[in-house]
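Remember, it's 1-based here, ligands and their atoms both numbered in the order they're listed. Quick note: numbers below take in every heavy atom, side chains included, and nothing from hydrogens, waters or symmetry partners.
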Amino acid sequence: MKNIAIFVIIIASAFFSILMFKISILTAKSSFNVYSQPILLTSFFLVIIVVYFIYCIISDNLTHKENLEEAFKFDGLTKLPNENYFKTLVENKIQKHLKEKETESLYLMNIGFNRFSELKDGLTNDFINNLIISKTNDLIEILSEEDDELSRSGEGSFYLITTRDKTSLLPFLKEIKDCLNGFYSDEKTTEEVFTEINIGVAEFTREKNQDFNSLLKEATTAYRFLNDKKEFYKVFNKSLEESSQQNLELEILLRDAVFNEEIMVNFQPKIGRDGKIKSAEALARWYSKEKEQFVRPDIFIEMAENMGLIEEVGKHIMELSIKELKKWHKKGYTDMKIAVNVSPKQFNRELPIYIKELLKKYHLDPKYLEVEVTEGALVTDKNAGMDLLNKIKNTGVRIAIDDFGTGYSSLSYLTDFPLDVVKIDKSFVDKILSKESDVKNKGEAIISTVINLSHKIGCDVVAEGVEEQEQLDFLNGENCDLIQGYFYSKPLNKKEFGLFLEENY
Ligand code: G
Ligand code: G
Ligand code: MN
């Protein structure tokens with residue numbers, strides 16, 4: 001627009017100048033009055049035009065340069081500083097911090113949405129962009145202009161540098177979590193997604209003389225260390241570095257674990273109201289021959305998830321479980337069922353395909369196989385979750401919701417999803433034993449409500465982590481269908497489980 005205006009002015013001025021020049025030639029001989037001298041007037045106009053023209057070019061160049069600088073400094077979508085510019089802001093903050101009082105601390109945080117790439121799957125760019133903008137605005141609301149600088153570091157991640165005293169770090173982390181975790185939907189679509197974040201934190205220490213890069217490395221190491229399920233933040237310390245070294249070793253070993261037949265399955269009995277075994281939960285075990293020890297399942301499962309090995313490992317576990325179940329059936333334990341855990345990362349389009357494949361390969365009636373999915377897998381993207389559950393349901397296997405009550409799903413999820421089994425999490429079952437009557441009463445009320453509702457909608461209920469008679473008595477009183485826990489048995493290896501079946505079928 002501006003360019004067109006300049007062009008019109010130049011052309012008009014040029015015509016005017018030519019006209020004046022012509023007049024000046026005609027009148028040159030007849031008059032010598034300075035003020036009516038057209039040559040001077042023409043020159044005057046020409047000077048104005050040239051000055052204006054130069055001004056336009058310069059100012060245009062400047063705004064162009066400013067725009068370019070903006071683009072180099074800020075993220076296009078959120079208008080937050082990008083990583084490059086953030087680096088400068090952090091270095092300034094470090095310099096300022098070094099001059100200030102020692103009571104304040106400086107923290108660099110790496111904040112990221114969990115499983116962002118899977119969350120994005122099946123959603124439009126517009127939806128994701130709106131989600132990011134909305135979450136960014138929420139986050140900016142809780143920041144302090146003086147203490148904090150925020151940057152968008154990746155599609156679903158942020159860096160934050162903050163100066164605060166040590167005691168306010170945890171409350172601040174919780175505030176960030178409360179602000180970014182939760183359901184999101186936009187008005188235009190029926191999509192509803194659930195976002196959760198993890199935060200890796202690096203603390204600046206004067207002695208270590210860190211710079212932006214070293215702080216970032218520590219915050220990232222802490223972030224990578226986080227496990228989806230338990231903690232949502234981790235502050236870097238030296239031992240993390242060592243264990244990330246160990247993890248690296250384990251990762252190398254895990255690649256060959258399936259091939260080397262190091263991954264096995266243990267079975268934990270699920271007992272009916274008549275005290276007899278009805279089913280078992282398959283729990284993966286990895287014995288590393290190289291390390292000559294077992295690696296904890298939560299550790300190697302998460303590792304497999306992060307390394308993209310979870311489908312291979314998960315399929316292997318499901319196959320081992322089905323093979324074992326077939327052996328039990330052959331031995332005469334013909335009603336035995338088996339439940340296999342499915343990681344949220346395994347919860348994708350491939351899953352119903354290989355379930356079908358395995359059912360066919362082992363001639364197994366699907367009613368004997370149950371898959372346990374956690375709430376997290378369902379709530380991340382409700383529509384996608386629903387779609388997939390229906391596909392799995394169509395294979396004929398039963399679907400159990402694991403750890404019910406620990407995530408964010410509401411009671412309405414029980415009725416919305418095609419479930420067959422609800423597993424009440426150990427944390428509720430523990431409350432039955434609480435010495436505080438308020439805790440006990442509320443815990444029991446929740447269990448009782450979940451059992452009633454589940455039965456009304458045709459779901460069976462399994463109580464997890466039952467260890468004491470008192471818990472068993474309460475659960476039996478509430479008509480809980482199946483009991484799983486150390487009260488009856490810990491997870492058993494094949495041989496031990498065979499003996500358990502002999503005595504308890
Ligand atoms: O026994 P326990 O320590 O087995 O298991 C620890 C955690 O690891 C539990 O939360 C359990 O759900 C998970 N887990 C165990 N086996 C499997 C498996 O085969 N697949 C998945 N995804 N998780 C498993
Ligand atoms: O999350 P999921 O339900 O898949 O995990 C089962 C986990 O619970 C396994 O780690 C298993 O070893 C553990 N577990 C099973 N029964 C009990 C119990 O009675 N007490 C405790 N503390 N853990 C249990
Ligand atoms: Mn389970």
(message) Over 60° means perpendicular and under 30° means parallel, so tell me whether F183 and F194 are parallel, tilted or perpendicular.
(response) perpendicular

(message) So, with waters excluded, how many protein N/O/S atoms does the Mn ion (ligand 3) have closer than 2.8 Å?
(response) 4

(request) Give the C-alpha distance, both sets of side-chain angles, the deciding distance and a yes or no for salt bridge (charged side-chain N to carboxylate O under 4.0 Å, His left out) between E350 and K315. (result) CA-CA 10 Å; E350 297 301 314; K315 192 172 169 178; over 6 Å; no

(request) Give the C-alpha distance, both sets of side-chain angles, the deciding distance and a yes or no for side-chain contact (heavy atoms from CB on, under 4.5 Å) between K234 and V201. (result) CA-CA 6 Å; K234 190 99 210 162; V201 186; over 6 Å; no

(message) Can you see whether F232 has K177 sitting over its ring - NZ or CZ less than 6.0 Å from the centre and within 45° of the normal?
(response) yes

(message) Would you say the rings of F497 and W328 are close, in the sense that their centroids are separated by under 6.0 Å?
(response) yes

(message) Suppose I only count heavy atoms of S343 and a 4.0 Å limit; which atoms of ligand 1 are within that range?
(response) 22 (N)

(message) Any donor-acceptor pair under 3.5 Å linking the side-chain atoms of S343 with those of E305?
(response) yes

List below, pair by pair, the N or O atoms of ligand 2 and of the protein that are less than 3.5 Å apart, including the distance to 0.1 Å; reply 'none' if no pair qualifies.
{"from": "ligand 2", "atom 1": "1 (O)", "to": "D403", "atom 2": "OD1", "distance (Å)": "3.2"}
{"from": "ligand 2", "atom 1": "3 (O)", "to": "D402", "atom 2": "OD1", "distance (Å)": "3.3"}
{"from": "ligand 2", "atom 1": "3 (O)", "to": "E464", "atom 2": "OE2", "distance (Å)": "2.3"}
{"from": "ligand 2", "atom 1": "4 (O)", "to": "E281", "atom 2": "OE2", "distance (Å)": "2.9"}
{"from": "ligand 2", "atom 1": "4 (O)", "to": "N341", "atom 2": "OD1", "distance (Å)": "3.2"}
{"from": "ligand 2", "atom 1": "4 (O)", "to": "D402", "atom 2": "OD2", "distance (Å)": "3.2"}
{"from": "ligand 2", "atom 1": "16 (N)", "to": "Q268", "atom 2": "NE2", "distance (Å)": "3.0"}
{"from": "ligand 2", "atom 1": "19 (O)", "to": "Y486", "atom 2": "N", "distance (Å)": "2.7"}
{"from": "ligand 2", "atom 1": "20 (N)", "to": "E467", "atom 2": "OE2", "distance (Å)": "2.5"}
{"from": "ligand 2", "atom 1": "22 (N)", "to": "E467", "atom 2": "OE2", "distance (Å)": "3.2"}
{"from": "ligand 2", "atom 1": "23 (N)", "to": "Y486", "atom 2": "OH", "distance (Å)": "3.4"}

(message) Under 4.0 Å from a heavy atom of I317: which atoms of ligand 1 are those, numbered in the order shown and with their elements?
(response) 19 (O)

(request) Please say which of Q268, K270, K423, K337 ends up in a side-chain hydrogen bond (donor to acceptor under 3.5 Å, both in side chains) with E281. (result) K423

(request) Could you tell me whether the side chains of S427 and D425 share a donor-acceptor contact shorter than 3.5 Å? (result) yes

(request) Give yes or no for whether the N/O distance cutoff of 3.5 Å, strictly under, is met between Q346 and ligand 1. (result) no

(request) Would you check if K289 and L253 make a side-chain contact, meaning some heavy-atom pair closer than 4.5 Å? (result) no

(request) On the 0 to 90° scale, with breaks at 30° and 60°, tag the Y413-F417 ring pair as parallel, tilted or perpendicular. (result) tilted

(message) Can you confirm if the NZ or CZ of R164 lies within 45° of the ring axis of Y107 and under 6.0 Å from the centre of its six-membered ring?
(response) no

